[in-house]
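Computed from a predicted structure; not experimentally measured.
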Amino acid sequence: MATIPSHEQWMKDTYSLTNPRSEFLQAVDAAIKKFETDKSDPAKAAIKTAFDRWRFEQSKQGKDWKKSVRNDK
């Protein structure tokens, strides 16, 4: 299983000067931030749910989330 980065590291690694953060990516941001103070399983599940939703929205728009500018790092 992948390690969940700190909110600060996540924001740094997924920053894009030219692409604003979508509402779905902001949901991932919020879930990761909450996880920093609440390491419970529901908080971890919230990250997965938000991330899955972001990936779904990316594919719905015909984008490959693995090639996103957010995934460079």
Side-chain angles (χ1 to χ4, degrees):
M1 178 172 228
T3 302
I4 299 170
S6 69
H7 182 259
E8 181 180 348
Q9 188 64 46
W10 166 257
M11 296 301 289
K12 182 179 173 185
D13 289 349
T14 60
Y15 175 78
S16 172
L17 182 61
T18 58
N19 296 344
R21 298 177 93 74
S22 70
E23 66 180 281
F24 302 103
L25 190 58
Q26 289 175 20
V28 177
D29 300 342
I32 290 173
K33 187 169 188 140
K34 181 175 180 184
F35 183 74
E36 286 188 334
T37 57
D38 177 7
K39 303 276 187 193
S40 68
D41 287 338
K44 189 182 280 189
I47 295 172
K48 181 179 182 335
T49 299
F51 186 73
D52 287 347
R53 182 66 196 264
W54 175 77
R55 289 187 324 164
F56 175 77
E57 289 300 319
Q58 290 288 294
S59 66
K60 198 164 103 175
Q61 296 173 17
K63 299 176 183 176
D64 181 357
W65 71 272
K66 293 179 183 176
K67 294 180 182 176
S68 168
V69 296
R70 311 272 182 211
N71 206 23
D72 285 345
K73 296 179 182 115

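Residues that satisfy the side-chain hydrogen bond (donor to acceptor under 3.5 Å, both in side chains) test with E23, not counting sequence neighbours, are absent from this structure. D29 pairs by the salt bridge (charged side-chain N to carboxylate O under 4.0 Å, His left out) definition with R21, not counting sequence neighbours. Applying the side-chain hydrogen bond (donor to acceptor under 3.5 Å, both in side chains) test to R70 and every residue at least two apart in sequence or in another chain returns nothing. The salt bridge (charged side-chain N to carboxylate O under 4.0 Å, His left out) test applied to K48 returns D52, not counting sequence neighbours. In this structure, the salt bridge (charged side-chain N to carboxylate O under 4.0 Å, His left out) partners of E57, at least two apart in sequence or on a different chain, are R53, K60.
By the criterion of side-chain heavy atoms lying less than 4.5 angstrom apart, applied directly or through intervening Ile, Leu, Val, Met, Phe, Trp or Tyr residues, I4 is grouped together with M11 in one hydrophobic cluster.
Minimum interatomic distance between V28 and W54 (heavy atoms only, all atoms of both residues): CG2-CB, 4.2 Å. The two atoms that bring P5 and Q9 nearest to each other are CB-CB, 4.3 Å, heavy atoms only. Across every non-hydrogen atom of A31 and A50, the tightest pair is CB-CB, 4.5 Å. The minimum heavy-atom distance between N19 and S16, with the atom names listed, is N-OG, 3.1 Å.
With rounding to the nearest 0.5 angstrom, the NZ atom of K34 is 14.0 Å from the NE2 atom of H7. We find the OG1-NZ distance between T49 and K44 to be 13.0 Å, quoted to the nearest 0.5 Å.
The ring-ring contact (aromatic ring centres under 6.0 Å, His included) analysis of residues 12-38, with sequence neighbours excluded, yields no pairs.
Crowding of K67 atom NZ: a count of heavy atoms from other residues, nucleotides or ligands under 6.0 Å not exceeding 12. Taking a 6.0 Å sphere around CD of E8, one finds it holds 12 or fewer heavy atoms contributed by other residues, nucleotides or ligands. Under a cut-off of 6.0 angstrom, the local environment of CG in D41 is sparse, with at most 12 non-hydrogen atoms contributed by other residues, nucleotides or ligands.
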